[in-house]
Peer 1: 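Take this structure first; my questions come after.
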Amino acid sequence: SIRILFSQKVSNVFGITESIYDKEKGLIYYSTALSHILEKFGVPKGHKAKIIRVPTYLFYSDTKTILSFVSGVLNADGDFHKNMIRICSISKQFIDDLRWLLLKLDVASSIEIRPPKKSKIGQREINGSESYHLIISGRENMQIILSAEEIDLRKSKNIRNQILNTNRKGTRSKDILPVRKALKIAY
């Protein structure tokens with residue numbers, strides 16, 4: 001599972017184990033050092049769902065590092081839906097940043113905006129937030145994403161099956177402009 005993989009990676013890199021596992025909050029580490037390191041890498045303190053951004057240094061990173069980041073995002077906040085990879089967030093800036101980051105990999109994508117919804121958990125009514133969905137479709141785009149080594153096994157299997165069953169090249173997205181490819185052709 002992602003929780004176990006994350007726990008192992010933190011243990012290998014920082015030599016610490018989680019203090020508590022909470023079903024609602026996830027893994028909890030009581031480590032000031034880890035907190036400072038995550039903050040230096042661009043992870044904000046506190047409630048971050050609406051304010052998270054792609055860390056700036058990733059835009060200057062190599063392909064392998066970018067793919068590792070994208071695979072982590074896909075594992076945590078992505079799914080495979082109707083012949084496309086979809087990554088969801090309530091942070092518009094994060095989805096915009098991620099779209100720009102994917103262009104560095106020559107992966108074209110589009111963004112859908114979903115209005116807020118109300119839902120219930122038990123007797124408690126929850127006011128949802130507007131959500132942003134980054135959509136990646138097309139055989140070539142999915143093959144690039146699939147080249148990431150750390151994608152969840154179930155999700156990578158779904159992507160592989162879709163690639164095998166895709167008859168035509170290209171993408172079905174309506175607002176994509178593959179800038180890097182277009183510039184190579186034009187110049």
Peer 1: Any side-chain heavy-atom pair from Ser109 and Ile136 closer than 4.5 angstrom?
Peer 2: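 The answer is yes, as the side chains (C-beta and beyond) meet within the 4.5 Å cut-off.
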Peer 1: Between Ser19 (side chain only) and Tyr30 (backbone N and O only), is there a donor and an acceptor less than 3.5 Å apart?
Peer 2: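 Checked: pair present.
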Peer 1: State whether the side chain of Asn141 and the backbone N or O of Ala108 hold a donor-acceptor pair below 3.5 Å, judged by distance alone.
Peer 2: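 Judged by distance alone, yes, a pair lies under 3.5 Å.
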Peer 1: Show, in sequence, the C-alpha distance, side-chain angles and deciding distance for Ile151 and Asn75, and conclude whether the side chain to side chain contact (heavy atoms under 4.5 Å, CB included) test is met.
Peer 2: CA-CA 6 Å; Ile151 295 178; Asn75 288 340; 4.0 Å; yes
Peer 1: Find out if a path of hydrophobic residues (ILVMFWY) with successive side-chain heavy-atom gaps under 4.5 Å connects Ile28 to Leu38.
Peer 2: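 They do not share one cluster, since no chain of ILVMFWY contacts under 4.5 Å joins Ile28 to Leu38.
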Peer 1: Are Leu58 and Ile51 connected in a single hydrophobic cluster, I mean Ile/Leu/Val/Met/Phe/Trp/Tyr linked by side-chain heavy atoms less than 4.5 Å apart?
Peer 2: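 No, separate clusters.
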Peer 1: Taking Lys92 for the side chain and Tyr132 for the main chain, is one N or O donor matched with an acceptor at less than 3.5 Å?
Peer 2: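 No, Lys92 side chain to Tyr132 backbone: no donor-acceptor pair under 3.5 Å.
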Peer 1: Going hydrophobic residue to hydrophobic residue with side-chain gaps under 4.5 angstrom, can you get from Leu98 over to Phe59?
Peer 2: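 Linked within one cluster.
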Peer 1: Could you see if Val10 belongs to whatever hydrophobic cluster contains Val13? Use Ile, Leu, Val, Met, Phe, Trp, Tyr and a side-chain cutoff under 4.5 Å.
Peer 2: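 Per the 4.5 Å side-chain linkage, Val10 and Val13 are co-clustered.
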Peer 1: Distance check, rounded to the nearest 0.5 Å: Ser131 atom OG versus Glu112 atom CD?
Peer 2: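 With rounding to 0.5 Å, OG (Ser131) is 9.5 Å from CD (Glu112).
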Peer 1: Hey, what do you get for CD1 (Ile145) to CG (Leu74), rounding to the nearest 0.5 Å?
Peer 2: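 Reported to 0.5 Å precision, the distance equals 7.5 Å.
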Peer 1: Any chance you could lay out the side chain to side chain contact (heavy atoms under 4.5 Å, CB included) test for Phe94 and Val54, step after step, and finish with the verdict?
Peer 2: CA-CA 6 Å; Phe94 179 75; Val54 170; 3.8 Å; yes
Peer 1: Kindly indicate whether the side chain of Ser89, heavy atoms from C-beta on, has any atom under 4.5 Å from the side chain of Asp77.
Peer 2: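 In short, these two side chains do not touch, never coming nearer than 4.5 Å.
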Peer 1: Given side chain to side chain contact (heavy atoms under 4.5 Å, CB included), test Ile37 with Phe14 step by step and report yes or no.
Peer 2: CA-CA 10 Å; Ile37 290 168; Phe14 301 106; 3.4 Å; yes
Peer 1: Atom OH of Tyr29 and atom CD1 of Ile20: how far apart are they, to the nearest 0.5 Å?
Peer 2: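 Answer rounded to 0.5 Å: 12.0 Å.
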Peer 1: Can you confirm whether Ile144 sits close enough to Leu102 that some side-chain heavy atom of one is under 4.5 Å from a side-chain heavy atom of the other?
Peer 2: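 Side chain of Ile144 against side chain of Leu102, heavy atoms only: no contact under 4.5 Å found.
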Peer 1: Are side-chain heavy atoms of Ser7 and Tyr21 found at a separation under 4.5 Å?
Peer 2: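 Not in contact.
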Peer 1: Apply the test side chain to side chain contact (heavy atoms under 4.5 Å, CB included) to residues His133 and Met84: give CA-CA distance (whole Å), side-chain angles for both, the deciding distance (0.1 Å), then the verdict.
Peer 2: CA-CA 11 Å; His133 300 243; Met84 63 186 141; over 6 Å; no
Peer 1: What closest approach, in Å, do Leu67 and Ser147 show between heavy atoms, and which atom pair accounts for it?
Peer 2: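 Where Leu67 meets Ser147 most closely, the heavy atoms are CD1-OG, 3.4 Å.
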Peer 1: Are Pro116 and Glu130 side-chain neighbours, meaning at least one heavy-atom pair lies under 4.5 Å?
Peer 2: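 The answer is yes, as the side chains (C-beta and beyond) meet within the 4.5 Å cut-off.
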Peer 1: With rounding to the nearest 0.5 angstrom, report the CD1 to SG distance, Ile95 to Cys88.
Peer 2: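 SG of Cys88 is found 7.0 Å from CD1 of Ile95.
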Peer 1: Return the OG to CD1 distance between Ser11 and Ile4, rounded to the nearest 0.5 Å.
Peer 2: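 Atom-to-atom, Ser11:OG and Ile4:CD1 are 13.0 Å apart.
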Peer 1: Indicate if Ile90 and Ile87 have the same hydrophobic cluster label, given that clusters are the connected sets of ILVMFWY residues with side-chain heavy-atom separations under 4.5 angstrom.
Peer 2: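 The answer is no; the residues belong to distinct hydrophobic clusters.
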Peer 1: Among Met142, Lys155, Arg86, which residue satisfies the side-chain contact (heavy atoms from CB on, under 4.5 Å) criterion with Phe80?
Peer 2: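 For Phe80, the side-chain contact (heavy atoms from CB on, under 4.5 Å) test succeeds with only one of Met142, Lys155, Arg86, which is Met142.
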Peer 1: Where the side chain of Ser68 meets the backbone of Lys64, is there a donor-acceptor pair that is under 3.5 Å apart?
Peer 2: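 Checked: pair present.
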